[in-house]
Each structure stands twice: as structure tokens, then as C-alpha cells.
Amino acid sequence: MSTLQSVPTLGTHPAAGRNPSRSETRELLSHATYDLLVIGGGILGTSVAWHAAQSGLRVAMVDAGDFAGATSSASSKLVHGGLRYLQTGAVKLVAENHQERRALAKDVAPHLVNPLTFYLPVYKGGPVGAAKLGAGVFAYTALSAFGDGVGKVISPARALAGNPGLRTENLKAVAVYYDHQMNDSRVAVMTVRAAVEAGAVVLNHAEVKGLRFTHGRVTGADLSDRVDGTEFGIDARVVLNATGPWVDHLRKLEDAASDPSIRLSKGAHVVLKRKAPWKAAMATPIDKYRITFALPWEDQLLLGTTDEEYTGDPADVRATEADIQQILDEAAHSVRAEHLNRDLITYAFAGLRVLPGGPGGVEKAKRETVVSEGRGGMLSVAGGKWTTYRHIGRTVMAKIAKLPGGPLNDDMVALSQLPKRPPLPGVANPNAVAHRLLVDHDLGSRLDPLTARHLATHYGSLSFDIARLANEDPALALRIHPDGPEIWAQVVYARDHEWAETADDVLRRRTTLTVRGLDTDEVRAGVEKILAKRA
């Protein structure tokens, strides 16, 4: 049965209250002087834009691709304290990570961040013994004040009952601890939305072609709209380079003689269809420094990650055949072979970790954030991770507040005066949202339970806006692909409210169709048809 039978009439009219058009946004960007221009719409850029707009600054943010279109949507999808940091003695760092993890899960994004139990299997001859791991997971959960439970060691039989994919040959014991996971793309989009609601002006698919200078100081950028080729410029008092793997490229535009400041490590992942329910994720030590993950995620099984130096063009990063084989081989340490069949693979992807320059292998390098100021006064920020992305935004804002010349505008609010844990848009209890989607006749009750649950855990209370679209046009209530929970109303919503410009924006980052292996030619054509009807 065709999944696209209603596409010709879908999405003709824009959803109410849509975002400004690209031309309208370019006008806003071109005809004002902003306090802060953020170049780069990944986790660092969006966090700074959000905090800066909350502080009362006039903020613009642009990205050459899609928001979170590179590394920020190619993570391991974890919000975690960093268990492996304990072995380096970074107790304070782990405690701080736990604090941020729990803030995201309880107050900032409870509709997007979900609890996840982890099994850490101990095999005969493995790199770490059961006693050491047991002590480690106890200390790890103690640093989170046992908020999710007490780390402990359980028997192989008990672990197998929770995870039917667990390999039990030579299994001595299983350590248990607790963290959280998320859909990184959805958290990114919601953070962009939060920045815009606070006053920021944003545009994706807008590439910086050069920097603007006034008396030797960087005071803006010249850009090209990659959608239609329009050239425009933005003036700003301060420019922040948050371009991730491209941070040194932009630094070269500021100062051609600047030395490299970062190195890159590639992390690849593989997504497979899940053959059985998993009640816990698995984190398996491979050696002294590395752990391989097997995570239940989006009804799939997510495996990874690799950690190797990358020296190529960041735009060309991808999961190679060698990466896929390495990931499957490492997963086989603790996952039964029938769960790792190549026929189950739906998707593979790779991202680049931005690490400080220095000696030694990338697997041993510190995962820290570096903020620097160039000869032209441009600030550059590199490194970081999802768990602490709010903290990184505050750190950069503290640096901006201390720049010479005083506050960037007279209305700038001190960080200490801002809400400590402001929620992302849509914050709500997903269970309550899903229930209302199914019973509220004002919403039409056109959704099946799987779709209702999916919407609730990816949009929170914003799900009601999508349900209303489906109620107004029954064709929008149809599933995009029969094997996935997404409906056509999400494509219209992504187009009008979430800055989706291309099919990949929708399929890879606004929905889960690509990671489920459902972005067929037919589906892609239907999405492109809806995007072409943009008002």
C-alpha cells in the first residue's frame, strides 16, 4: 500500500503562527546592529544564543547547514555523568555532570530526556574486575545523591531477564547504574525555539563567506543564503565562533596567521532493528579507556562509538565500512550474535568531537570546552557535550559580560538574575500529553496510541498543535510510513515552525524516519512536495 496517496493535497496552507520566511528573516538580520552574532547552530551556539537572549541582548544566530546538522545530531544520545571520568579522579566533574543531567531530566526537558538503566557486564579476562566496577557504580550513583537508585552488582541470570540480548558466555557479574538519554536533534530544535522565544533571530543554511571589520575588530559577517543564493550581511558588536569542527576555518578568516587550536576525533554509530525489548542499555569496557554502548533508542538498537583521530574535511565525515565492522565486533563482546546481524542495520552515522590540541591519542584527550579571543576580538568556543550544554552557555556568557567596555547593552541582565533552570518549549509530562491526545475530542482523536506516544515524547505539549493540524486535514493524520509512528502533520509543522528547509532536515533531524531506515524514495518525494508548498 502506498504511504503517499494523499501527498498532492497535503500542507497547502501554512500552519497558523508560522516562523518568518527566509526573506523576512534576512531583512531582520540585515537592517540592525546586533549585540551578539553567533556563527554556528550546534549545541554550543544554540545554548549561548538562548542564554544571551534571556539576558536581554539582541542576538542573531546563523548556521551554514541545518541547526545541529553535524556533530550535535550525531552523538550517542546520552545525558550522563561520565562514569569513565571517575578512573581519572575527576570526582568534581562527575558530580557537576550529574547535577546538569538531573536538571535537564526534572526541570528543563522532562518531555525530551528519559531515564535509562545501564548494565556493565564483567567477563572473565576482561579489562576491569567485578569488585572494582561494583565500587565504581556505587560511587557514581552516590555522586548523584542516589537520585535514580543505588549502583550495585547483580547476577548474570537477573541481568539476562532484563536484556535478552546479553551474551552470557564467561559472564561473571553485571554492575548496574543509572543515567538518561534523549533524541539530540529534538533537544537542539527545542533549544533554538527557546532562543527565538527569548528574542533571538535565527537562520539556518546561511554560510559565512567573510567577516566584517571595523578598525581591525570583527564587527559582523557577510553571508550567502544556501537555499536561494541571496547574499546579505549582519553587523554585530561581538561575534562568537561556535562552528565546532570548522572553528579554525573561521579563525583563519579573522587572522590568516592563526595557529590550529583543536584536533578532531571521529565517533561513529550503527543503528539496527531491535529483535526484542531491552529494559536496560549495556556499557561494555573494551580497554582501559574505552567503553562500547548498546542502547535501546527510538525502538531501535544504537551501537557505538569509535574514537579515532580525524584529519579530513569535516563535511566529508561518515561511518565507513571499517567503522561499522569495528562497532559490530566490539558490541559482540556483550551482545548475542543474532542481534548484530547486518541485515538488521537501518542506518550508520558519524560525528566529530572537538578536542583541545596537544600530544597523545585522542582517546585520552580531555573533553573540555575552550573559549578564546582572537586578534580581531572574535570569541571562539570549542568542545563540550550535551549533558553540560547549558553550563557551557553560561560560561561563554560570563566571558562576554567581562569584555572591555562594559555590558553590550544597557538592559543586559546578569547571569545571576536569570532563572536557574528555565524549561524548554513544550515542557509537560509525556504520559499526560499522550493520554489527552487520545481522548480529547477537540483534538479530533485521530491518532493511534503509538503516534500519540511518539509525539508526546518528542514535542511535549506542542504535540497538541500537531494534532490540531491533523484534525483540520485528515490526510495529515496518516502515517508517513506504515512501519514508523510519524504522521504527515509533523512535516508541515517542521516546515512552518522548526526551520526545516530540506528533506534531510525533516527525515534525519525533525523526525526519526532516517534512523529507522524508512526514508524511502517515495517518502522523500512526499516530504519534498510539502516543503515546496512553503508560503
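We're numbering straight along the sequence, starting at 1.
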Between [X] and [Y]: side-chain donor-acceptor atoms closer than 3.5 Å:
X: R495; Y: Q490; result: no
X: E96; Y: T388; result: no
X: N163; Y: R336; result: no
X: H458; Y: E486; result: no

Lys/Arg-Asp/Glu bridge criterion (N-O < 4.0 Å) met for [X], [Y]:
X: D323; Y: K266; answer: yes
X: R524; Y: D521; answer: no
X: E100; Y: R394; answer: yes
X: D504; Y: R508; answer: no
X: R102; Y: D107; answer: no

**OP:** Please assess T369 against V396 for the test side-chain contact (heavy atoms from CB on, under 4.5 Å), listing each intermediate value before the final yes or no.
**Re:** CA-CA 10 Å; T369 304; V396 175; 5.7 Å; no
**OP:** With sequence neighbours excluded, tell me which residues meet ring-ring contact (aromatic ring centres under 6.0 Å, His included) with W386.
**Re:** Y389
May I ask you to decide if [Y]'s main-chain N or O and [X]'s side chain share a donor-acceptor pair within less than 3.5 Å?
X: H51; Y: S47; answer: yes
X: S265; Y: R353; answer: no
X: S73; Y: A68; answer: yes
X: R263; Y: P356; answer: yes
X: T46; Y: T191; answer: no
X: H339; Y: L344; answer: no
X: N241; Y: V247; answer: yes
X: T346; Y: V515; answer: yes
X: S334; Y: T284; answer: no
X: R22; Y: E501; answer: no

**OP:** Validate the cation-pi geometry between R84 and Y140: distance from NZ or CZ to the six-membered ring centre under 6.0 Å, angle to the ring axis within 45°.
**Re:** no
Original post:
Under 6.0 Å from the six-membered ring centre of Y123 and within 45° of its axis: does the NZ or CZ of R167 meet both?
Top reply: yes
Considering only heavy atoms from C-beta outward, does the side chain of [X] approach that of [Y] to under 4.5 Å?
X: M61; Y: L36; result: no
X: L303; Y: L340; result: yes
X: L531; Y: V506; result: yes
X: L301; Y: V271; result: no
X: H180; Y: L116; result: no
X: R390; Y: P422; result: yes
X: L250; Y: M378; result: yes

**OP:** Identify the residue among N183, V427, L424 that makes a side-chain contact (heavy atoms from CB on, under 4.5 Å) with L112.
**Re:** L424
**OP:** Mind running salt bridge (Lys or Arg N to Asp or Glu O under 4.0 Å) on R251 and D259 for me, showing each step along the way?
**Re:** CA-CA 9 Å; R251 290 177 65 247; D259 294 325; over 6 Å; no
Original post:
Yes or no on side-chain contact (heavy atoms from CB on, under 4.5 Å) for V270 and I345, after CA distance, side-chain angles and deciding distance?
Top reply: CA-CA 7 Å; V270 175; I345 294 177; 3.9 Å; yes
Original post:
Going from CG on L355 to CG on D307, what distance comes out if it is rounded to the nearest 0.5 angstrom?
Top reply: 7.5 Å
**OP:** Kindly compute the distance separating CH2 (W246) from CD1 (I262), expressed to the nearest 0.5 Å.
**Re:** 10.0 Å
Subject >> K399 and L379: CA distance, side-chain angles, deciding distance, side-chain contact (heavy atoms from CB on, under 4.5 Å) verdict >> reply: CA-CA 9 Å; K399 176 81 171 179; L379 297 179; 4.2 Å; yes
Subject >> Partners meeting salt bridge (Lys or Arg N to Asp or Glu O under 4.0 Å) with R226 (sequence neighbours left out) >> reply: E207
Original post:
What pairs of residues pass the salt bridge (charged side-chain N to carboxylate O under 4.0 Å, His left out) test when at least one of them lies in residues 175-193, not counting sequence neighbours?
Top reply: K77-D184, R101-D179, R186-E498, R193-E197
Subject >> Geometric class of the F349/H269 ring pair [parallel <30°, tilted 30-60°, perpendicular >60°] >> reply: parallel
**OP:** Describe, in one word, how the ring planes of Y177 and F118 are oriented to each other, choosing from parallel (under 30°), tilted (30 to 60°) and perpendicular (over 60°).
**Re:** parallel
Original post:
Under the side-chain hydrogen bond (donor to acceptor under 3.5 Å, both in side chains) criterion, do D519 and H481 qualify, and how do the steps go?
Top reply: CA-CA 8 Å; D519 60 346; H481 191 287; over 6 Å; no
Original post:
Which pair of non-hydrogen atoms, one from S72 and one from G42, has the smallest distance, and what is that distance?
Top reply: OG-CA, 3.4 Å
**OP:** Give the intermediate values and the outcome of side-chain contact (heavy atoms from CB on, under 4.5 Å) for residues I327 and I324.
**Re:** CA-CA 5 Å; I327 291 168; I324 294 171; 5.8 Å; no
Original post:
Between D483 and R516, does a salt bridge (Lys or Arg N to Asp or Glu O under 4.0 Å) hold up when you go through it step by step?
Top reply: CA-CA 9 Å; D483 294 336; R516 296 176 190 271; over 6 Å; no
**OP:** Scan D225, T502, D63, D66 and name whichever one has a side-chain hydrogen bond (donor to acceptor under 3.5 Å, both in side chains) with N204.
**Re:** D66
